[in-house]
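Working notes, beginning with the structure itself.
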Amino acid sequence: MRGATLSGTGSYVPEQVITNRDLERIVDTTDEWIVSHTGMRERRIAAPEQASSDLGTEAARAALADAGLEPDDLGLIICATISPDTLIPGAGSLIQANLGASRCGAFDLASGCTGFIYGLGMAAGYVRAGYCEHALVVATETLTRLTNWTDRSTCVLFGDGAGAAVVSGIEGEGGLLALELISMGEAGDLLKVPGGGSRRPLTPELLAQRADRIVMNGPELFKLAVRLVPEVAERLVARVGLQMDDIDVLIMHQANQRILDAAAKRLDIPDERVVSIVEKYGNTSAASMPLALDIVNRQGRLRPGDNVLLVGFGAGFTLGGALIRWTQPPRVPGH
Ligand code: ACO
């Protein structure tokens with residue numbers, strides 16, 4: 001049966017760094033609190049002239065180069081984002097135009113931080129069905145533009161960045177082995193931007209209340225993530241007849257080091273197999289997993305036959321995981 005594999009990865013982060021010390025000057029917080037509660041030390045912020053599609057275009061170009069493909073080889077671009085440049089047109093179409101990809105469809109996918117997993121599932125299905133040979137999943141976020149910079153419980157968490165992967169058809173073994181997508185819309189209020197949509201179009205009053213910015217119930221999300229992320233991981237591993245010990249690399253949504261530690265402990269996966277980029281990049285929403293994936297790929301840590309498990313959670317509330325048997329040769333570190 002025709003399969004779908006990841007044939008290239010790429011990422012991009014803006015140059016400007018915001019450290020915990022910088023945040024101490026903006027809100028009533030301390031480096032000690034942020035590090036001990038989240039594991040974060042710094043995050044990136046997009047330049048004023050950069051929007052999500054600009055970051056995504058860079059990540060997409062890097063993923064295409066890694067796959068050895070040209071933009072015209074793509075049949076589909078899926079852009080996972082909750083911070084598109086504009087509602088209309090979508091960021092996926094802007095990235096398509098920036099790349100100069102002339103023979104492909106493009107759309108945006110808004111499943112919060114789980115968006116990359118949703119995109120992988122859609123791309124793999126499209127490729128497997130034979131509609132195209134190569135699809136691009138690009139997750140790009142400028143959540144600092146949706147951040148309430150007077151709310152210390154959220155503004156210390158988010159950073160900007162983008163990650164991308166090319167999904168290509170293969171014959172035979174490997175690639176995407178299992179996928180699980182879950183939506184729990186009943187818990188949607190845990191993370192939301194209350195204004196600016198068709199329910200509450202923005203007015204000067206709503207803008208004054210910062211209704212266009214993220215509101216989050218962190219402790220409840222924390223509890224959900226620690227309980228549900230390991231459950232998804234266990235189901236995916238069992239579905240393909242593997243043991244947790246067979247997982248070579250675990251990449252979870254990078255929301256908080258304490259969530260990564262608690263989930264890894266529950267799964268009994270040793271630290272060296274768990275990828276964390278929280279310290280350097282904070283929470284980059286949908287971009288966090290493909291950014292982490294590209295970083296370990298560029299370090300040469302992924303080898304053919306490796307079982308790579310991705311599990312994410314985020315706004316919606318959404319949840320999802322993908323189990324991938326790596327098929328590409330290891331990258332030479334530094335290239
Ligand atoms: N600096 C100093 N003190 C702070 C800060 C801060 N930046 N933020 C909150 N506090 C205070 C609170 O006011 C509270 O004080 P109080 O006890 O006097 O009321 C105290 O610290 C404890 O606050 P909690 O909210 O209970 O802190 P907690 O340990 O739960 O950490 C955090 C908060 C980091 C948000 C954590 O709950 C978390 O990471 N949750 C998960 C969030 C998440 O996953 N979000 C992403 C999901 S989707 C997406 O990624 C887009």
Side-chain angles (χ1 to χ4, degrees), residues 3-11 56 59-60 63 76-83 92 107-128 135-141 143 161-168 175-185 187-188 191 221 224-225 228-237 239-240 247 249-255 259-260 263 267 274-275 277 283-297 302 307-326:
T5 193
L6 271 58
S7 58
T9 66
S11 62
L76 183 67
I77 295 174
I78 301 174
C79 179
T81 185
I82 50 171
S83 50
F107 66 92
D108 285 13
L109 187 163
S111 295
C113 309
T114 323
F116 181 70
I117 305 280
Y118 275 67
L120 271 189
M122 302 305 107
Y126 200 74
V127 163
R128 274 191 173 141
L136 176 79
V137 186
V138 48
T140 181
E141 302 280 21
L143 243 54
V166 178
V167 177
S168 302
L176 184 64
L177 303 183
L179 177 86
E180 179 166 322
L181 304 179
I182 296 173
S183 171
M184 294 166 53
L191 176 64
L221 280 170
L224 270 184
L228 298 177
V229 165
E231 287 181 14
V232 171
E234 278 164 354
R235 279 198 296 274
L236 282 168
V237 167
R239 196 176 304 156
V240 294
I247 298 303
V249 178
L250 172 63
I251 299 177
M252 292 177 272
H253 171 45
Q254 309 282 306
I259 296 178
L260 302 186
L267 292 169
V274 181
V275 179
I277 59 166
N283 179 348
T284 55
S285 186
S288 88
M289 286 184 281
L291 178 57
L293 179 69
D294 184 54
I295 287 171
V296 289
N297 192 17
L302 303 179
N307 293 310
V308 181
L309 180 57
L310 303 171
V311 190
F313 65 95
F317 180 82
T318 57
L319 194 64
L323 182 49
I324 297 160
R325 172 115 358 112
W326 202 252

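All values reported here derive from a predicted model rather than from experimental measurement.
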For a side chain to side chain contact (heavy atoms under 4.5 Å, CB included) check, start with the C-alpha distance between V274 and V249, then their side-chain angles and the critical distance, and finish with the verdict.
CA-CA 6 Å; V274 181; V249 178; over 6 Å; no
Using 0.5 Å steps for rounding, measure from the [atom1] atom of [X] to the [atom2] atom of [Y].
X    : Y    : atom1 : atom2 : value
I82  : C113 : CD1   : SG    : 5.5 Å
N283 : L143 : CG    : CG    : 7.0 Å
L109 : M122 : CG    : CE    : 7.0 Å
I182 : L228 : CD1   : CG    : 7.0 Å
Y118 : L181 : OH    : CG    : 5.0 Å
L310 : L250 : CG    : CG    : 8.5 Å

Do [X] and [Y] touch side chain to side chain, with heavy atoms closer than 4.5 Å?
X    : Y    : result
T5   : L176 : no
M289 : M252 : no
T114 : F317 : no
I117 : L179 : yes
V138 : F116 : no
M184 : L224 : yes
V237 : L309 : yes
L6   : N297 : no

Of the non-hydrogen atoms in [X] and [Y], which two are nearest, and what is the gap between them?
X    : Y    : answer
A164 : L136 : CB-CD1, 4.3 Å
P290 : A139 : CG-CB, 3.8 Å
P230 : L267 : O-CD2, 3.6 Å
L191 : A315 : CD2-CB, 3.6 Å
R128 : A4   : NE-N, 4.0 Å
G92  : I77  : O-CG2, 4.2 Å

Main chain of [Y], side chain of [X]: is a donor-acceptor contact present, judged purely on distance under 3.5 Å?
X    : Y    : answer
T140 : A162 : no
E141 : T81  : no
S11  : D294 : no
T284 : S288 : yes

List the steps, then state whether side chain to side chain contact (heavy atoms under 4.5 Å, CB included) holds for L293 with L302.
CA-CA 9 Å; L293 179 69; L302 303 179; 4.0 Å; yes
Worked verdict on Y126 versus V167 for side chain to side chain contact (heavy atoms under 4.5 Å, CB included)
CA-CA 10 Å; Y126 200 74; V167 177; over 6 Å; no
Derivation and outcome, side chain to side chain contact (heavy atoms under 4.5 Å, CB included), residues L76 and F107
CA-CA 8 Å; L76 183 67; F107 66 92; 4.1 Å; yes
